[in-house]
Structure formats: structure tokens, C-alpha cells
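Below you'll find the structure, written out as C-alpha cells, and then a few comments.
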Amino acid sequence: MEEKKQGVFDTYKCLGLFAVMIAIAVAIALVKPNPDVYTASASGFNGAVTVQVSVLNGEIVSVVVTEQKETPEIAGAAIEQIPAAIVARQNVDVDMVSGATYASRAILTAAADCMTQAGLSPAAIAQPETAGSEVPTDFGPLKAGTYTAAAKGYNQDADVTVTVTVDDAGTITDVQIDASGETPAIGGADAEVLQAAILEAQGTGVDATTSGSVTRNAILEALAQCLTEASGN
């Protein structure tokens with residue numbers, strides 16, 4: 001009989017402990033609410049980049065890139081580094097990742113949208129460093145001829161090559177850019193955009209938005225070498 005009473009007592013004791021545990025869990029949930037989650041998208045190089053920002057008591061607790069179609073070897077660093085930087089600084093005033101300007105800007109723009117939804121001030125998105133800003137722009141009169149030069153881009157195992165043709169009037173009539181050693185989606189796009197911009201600017205003082213700043217730098221550096229040779233300097 002005593003054993004039976006003890007068994008009943010143990011059963012009630014277990015149920016009591018279980019009830020206490022449930023009560024504690026409910027109390028914790030009430031004291032520590034879940035963060036509010038906001039989602040937004042912005043255009044990257046290969047399509048939309050979707051970002052999810054979690055906010056608790058007016059503080060950003062996490063930033064996650066949930067969807068994207070960017071080139072992994074190019075945008076991977078931006079996808080990894082920028083969300084963490086946003087959480088650390090509690091705004092989008094963080095540096096873009098060199099060589100991944102499109103992905104960087106997309107993440108920051110989408111995160112800023114999420115912050116606005118949450119009633120937070122996203123601050124200004126930092127402007128990327130101008131690629132090729134140290135390349136000279138004044139070469140003087142150019143002599144007729146065809147000039148070729150190379151520089152290192154993103155891929156250190158292959159050169160970015162530029163060939164410039166100058167006519168008797170000192171006008172650049174043709175620019176050929178070989179960035180085949182770079183990532184096709186990035187280097188190819190830079191070569192196409194810069195080729196037209198160089199002809200229009202008649203030099204390195206181009207004003208063209210390109211995707212991969214490392215490739216762009218290499219193109220303008222090689223171009224500067226060509227024009228330096230053509231000017232006789």
C-alpha cells in the first residue's frame with residue numbers, strides 16, 4: 001500500500017515539475033519578445049538581392065541575405081561581410097566590398113529599405129571609391145600609331161590587355177580590350193562599357209559605371225600606359 005502511495009506521489013510530483021517548466025517557458029517568452037522582421041529587395045548584377053533585417057527594441061539584431069543570384073566568387077565576400085557590418089554599426093554607412101560594387105549596393109539598399117520600414121534611420125549609403133582615381137588623365141598630344149599595354153586585374157594569373165589606335169590627327173579611333181582572363185560576367189561588362197566611354201572621353205577621364213572596380217582599374221592603368229607611350233612621355 002505504501003509503495004502505491006509513493007508511486008502516486010511521484011507521478012504528481014513529475015506533473016508538478018512539468019507544469020512549473022511550462023510556466024517558466026511562457027514567462028521567458030513574455031519577457032523576451034521575438035524581434036520584428038522586415039524584408040526588402042534591390043537589384044544586384046544578376047538580379048534581385050533580397051535582405052531580411054530583424055529589429056528588437058529599436059536595435060538591429062541580424063541582417064541576412066535570403067535570396068540572390070550573384071556570382072559566388074565575386075559577390076561572396078560582400079554577402080558575408082556587409083550584413084555583419086550593418087549589425088555592428090547599426091546603419092548602412094559601411095564600406096562596399098572592392099570588386100563587388102553591385103552586390104554591395106544591393107544589400108545596403110535593401111537593408112536601408114528594411115530599416116525605413118522599421119522606423120529607423122538608415123543613414124546614407126557610402127559611395128564606392130572611384131576606380132582608377134589615381135590614373136593620370138593629361139597626356140598631351142598623341143602621335144599616330146597602335147599601342148598595346150597590359151595590367152593585372154582581379155585574376156592575377158592573367159593580364160588585362162588594352163590596344164589603342166591613334167590617327168594622324170591625334171584622335172583615338174579604336175580601343176580593343178581583352179579582359180578574357182577576368183570573370184566573364186564582370187570583366188566582359190567592364191570592357192564593353194569602358195570601350196565606348198574611352199572613345200567618347202578620348203582618354204582615361206571616363207565617367208562610366210562599371211561593376212568590377214579591380215577590372216576597371218586594370219583597364220584604365222593599361223590605357224594610361226598606351227597613352228603615355230603615344231604622347232612620347
Side-chain angles (χ1 to χ4, degrees), residues 21-131 133 153-155 179 182-194 207-217:
M21 291 174 65
I22 292 177
I24 292 173
V26 171
I28 292 175
L30 292 175
V31 172
K32 187 178 180 181
N34 293 324
D36 296 319
V37 179
Y38 304 88
T39 302
S41 298
S43 296
F45 190 80
N46 293 327
V49 175
T50 301
V51 173
Q52 190 176 81
V53 176
S54 298
V55 178
L56 180 62
N57 297 327
E59 180 179 349
I60 300 172
V61 294
S62 72
V63 177
V64 180
V65 178
T66 58
E67 294 182 28
Q68 52 85 23
K69 298 178 181 178
E70 303 300 278
T71 306
E73 58 268 30
I74 298 298
I79 293 170
E80 178 183 353
Q81 296 172 20
I82 289 183
I86 294 173
V87 174
R89 299 202 61 169
Q90 291 294 298
N91 58 52
V92 294
D93 185 20
V94 302
D95 292 334
M96 296 189 187
V97 174
S98 178
T101 304
Y102 274 69
S104 298
R105 184 177 293 280
I107 296 170
L108 292 172
T109 301
D113 189 340
C114 291
M115 292 180 65
T116 300
Q117 294 177 43
L120 304 177
S121 176
I125 296 176
Q127 296 300 311
E129 181 180 349
T130 302
S133 58
Y154 187 84
N155 181 4
E182 304 292 274
T183 302
I186 303 300
D190 281 349
E192 184 178 350
V193 172
L194 283 174
D207 182 16
T209 301
T210 55
S211 53
S213 62
V214 177
T215 303
R216 174 187 167 116
N217 272 335

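Worth knowing before you read on, the calculation uses all heavy atoms, side chains too, and leaves out hydrogens, waters and symmetry mates.
The 12-atom threshold is not exceeded at CD of E80, counting heavy atoms of other residues, nucleotides or ligands nearer than 6.0 Å.
In this structure, Q90 CD and L120 CG are separated by 8.0 Å, a value rounded to the nearest 0.5 Å. Here the CG atom belonging to D95 is positioned 7.5 Å from the CZ atom belonging to R89, to the nearest 0.5 angstrom. One finds the OG atom of S121 at 10.5 Å from the CG atom of D93 (value rounded to the nearest 0.5 Å). In this structure, the separation between CD1 on I60 and CE on M115 is 4.0 Å, given to the nearest 0.5 Å. A distance of 6.5 Å separates CD of E70 from CD1 of I79, quoted to the nearest 0.5 Å.
Checked options V37, V63, V65; the residue passing with Q52 is V37 (criterion: side-chain contact (heavy atoms from CB on, under 4.5 Å)).
Nearest approach of V55 to V61, heavy atoms of both residues: N-CG2, 4.3 Å. N91 and P122 get closest at one heavy-atom pair: CB-O, 3.7 Å.
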Side-chain donor-acceptor pairs under 3.5 Å in residues 38-45, sequence neighbours left out?
unit_1, atom_1, unit_2, atom_2, d
S41, OG, T50, OG1, 2.7

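Of the possible polar contacts, one joining the S104 side chain to the V97 backbone as a donor-acceptor pair under 3.5 Å is found.
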### Task
For L108 and I86, run side chain to side chain contact (heavy atoms under 4.5 Å, CB included): C-alpha distance rounded to whole Å, both residues' side-chain angles, the deciding distance at 0.1 Å, then the answer.
CA-CA 8 Å; L108 292 172; I86 294 173; 3.9 Å; yes
